[in-house]
**Student:** 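Dumping the structure here so I can ask a few things about it.
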Amino acid sequence: MRLVTYVAGGRPRVGLLEDGRVVDVGFDGDMVAFIEAGAPVSGREPVPDARLLAPLRPRSMRDFLTFEGHMRNALGRLGRPIPEEWYEVPAFYKGMPDTVIGPEEEIPWPHYTDRLDHELELAAIIGREGKDIPREKAREYIFGYTIWNDLSARDVQARELPVGMGPSKAKDWDGSNVLGPCIVTADELDASDLLMRVRVNGEVWGEDSSANMHHGFADLIAYASLAQTIYPGEVFGSGTAAGGSGLELDRWLEEGDLVEMEIEGIGVLRNRVGRKGG
């Protein structure tokens, strides 16, 4: 299934994408409740003039660093090697669900940064509750996948990282996380080798494959669930694909830029950058 959250004159509803149109699934609740209920589809009523929103408001967001190519590109610009610990520990930081926006929404440019950057990521949505999940069973806990544009204020990040805490205002502002356009359920998508590409104003800035994740989603789920329960509706990000950010290229977003993130089997997440401080 290709699941969406849409609005068409009323409150947001859960729908399906079928033959390029939105159909309502007949569920009276949001996407997280739909996942918790076992994804019951009781109808397929066509919805005219539907506008897509972010496919879900995540219960929580964890973002990892799994692409060696991105690590090499980004740290190389700083003259630093990849830490040996990176190869052993699938470390993550936590994002804020209230910052999420969806496809076609304008990306807000916070007034306190001059270097706004995109980050192309594949995201897995958790579908089952679990704790201390063995790696060999971890994929059973994935409900589906979507695209995540994890925006960053790079000049702010450079000031925050030396403190040794996780990113704060380099990552957190209204609209700093973009999800969409849909959730493709895990039974219909093999995420082991998906082409990932980012375009800015129609020009390809970078591309990679999910096959290049050093830590796979099974590793991420097993690690995050150590002595901690994970729940349906939580989002796990792959981290930035190689070439998936302007930082790696020393190229930076500008006001009005059209950012398109495409992942094979999922679709295109498209957003335009707003005015600084707007």
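In this chain, residues are counted from 1 in sequence order.
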**Student:** Nearest heavy-atom pair of Asp187 and Met1: which atoms, and what distance?
**Tutor:** OD1-N, 4.5 Å
**Student:** Is a side-chain donor-acceptor pair under 3.5 Å present for Ser225 with Asp132?
**Tutor:** no
**Student:** A side-chain contact here means heavy atoms from C-beta on lying under 4.5 Å apart; do Ile35 and Pro232 qualify?
**Tutor:** yes
**Student:** Is it true that the side chains of Thr229 and Glu129 contain a donor and an acceptor less than 3.5 Å apart?
**Tutor:** no
**Student:** Looking at Glu203 and Arg251, is there a salt bridge between them, counting it only when a charged N and a carboxylate O are closer than 4.0 Å?
**Tutor:** yes
**Student:** Are Ser168 and Glu160 close enough that a side-chain donor and a side-chain acceptor fall under 3.5 Å?
**Tutor:** yes
**Student:** Might you confirm whether atom CZ of Arg275 has over 12 heavy atoms from other residues, nucleotides or ligands at distances under 6.0 Å?
**Tutor:** no
**Student:** Taking side-chain hydrogen bond (donor to acceptor under 3.5 Å, both in side chains) as the definition, give me every residue that meets it alongside Asp174, ordered by chain and number, with sequence neighbours left out.
**Tutor:** none
**Student:** Would Glu207 and Arg199 pass as an ion pair if we require N to O under 4.0 Å?
**Tutor:** no
**Student:** Can you list the residues that meet the side-chain hydrogen bond (donor to acceptor under 3.5 Å, both in side chains) rule with Asp208, with sequence neighbours excluded?
**Tutor:** Asn212
**Student:** Write down the atom of Pro48, the atom of Ala8, and the distance for their closest heavy-atom approach.
**Tutor:** O-CB, 4.0 Å
**Student:** Any idea which heavy atoms bring Ile221 and Ala138 closest together, and the distance?
**Tutor:** CD1-O, 3.6 Å
**Student:** Give a yes-or-no answer on whether the side chains of Lys94 and Ser60 include a donor-acceptor pair shorter than 3.5 Å.
**Tutor:** no
**Student:** Not counting sequence neighbours, which residues clear salt bridge (Lys or Arg N to Asp or Glu O under 4.0 Å) with Glu248? List them please.
**Tutor:** none
**Student:** Does anything in residues 5-64 form a ring-ring contact (aromatic ring centres under 6.0 Å, His included)? List the pairs, not counting sequence neighbours.
**Tutor:** Phe27-Phe34, Phe64-Phe92, Phe64-Phe236
**Student:** Just distance, no hydrogens or angles: give the donor-acceptor pairs under 3.5 Å from side chains in residues 82-89, sequence neighbours left out.
**Tutor:**
| residue | atom | partner | partner atom | Å |
| --- | --- | --- | --- | --- |
| Trp86 | NE1 | Leu65 | O | 2.7 |
| Tyr87 | OH | Glu68 | OE2 | 2.7 |

**Student:** Check salt bridge (Lys or Arg N to Asp or Glu O under 4.0 Å) between Glu104 and all other residues, then give those that pass, not counting sequence neighbours.
**Tutor:** Arg270
**Student:** Would you call Asp24-Arg44 a salt bridge at under 4.0 Å N-O?
**Tutor:** no
**Student:** Hey, is Arg128 close enough to Glu36 for a salt bridge, meaning N to O under 4.0 Å?
**Tutor:** no
**Student:** For the residue pair Asp117 / Trp252, report whether a side-chain donor-acceptor contact shorter than 3.5 Å exists.
**Tutor:** no
**Student:** Identify the heavy atoms of Asn73 and Gly243 that sit nearest to each other, and give their distance.
**Tutor:** ND2-N, 4.0 Å
**Student:** Could you check Val178 against Glu105 for side chain to side chain contact (heavy atoms under 4.5 Å, CB included), going step by step and ending with a plain yes or no?
**Tutor:** CA-CA 9 Å; Val178 192; Glu105 291 190 61; over 6 Å; no
**Student:** Can you check whether Asn177 reaches Asn149 side chain to side chain, under 4.5 Å on heavy atoms?
**Tutor:** no
**Student:** Identify the heavy atoms of His118 and Leu151 that sit nearest to each other, and give their distance.
**Tutor:** CA-CD2, 3.9 Å
**Student:** How close do Ala54 and Ile101 get, counting heavy atoms only, and between which atoms?
**Tutor:** CB-O, 3.6 Å
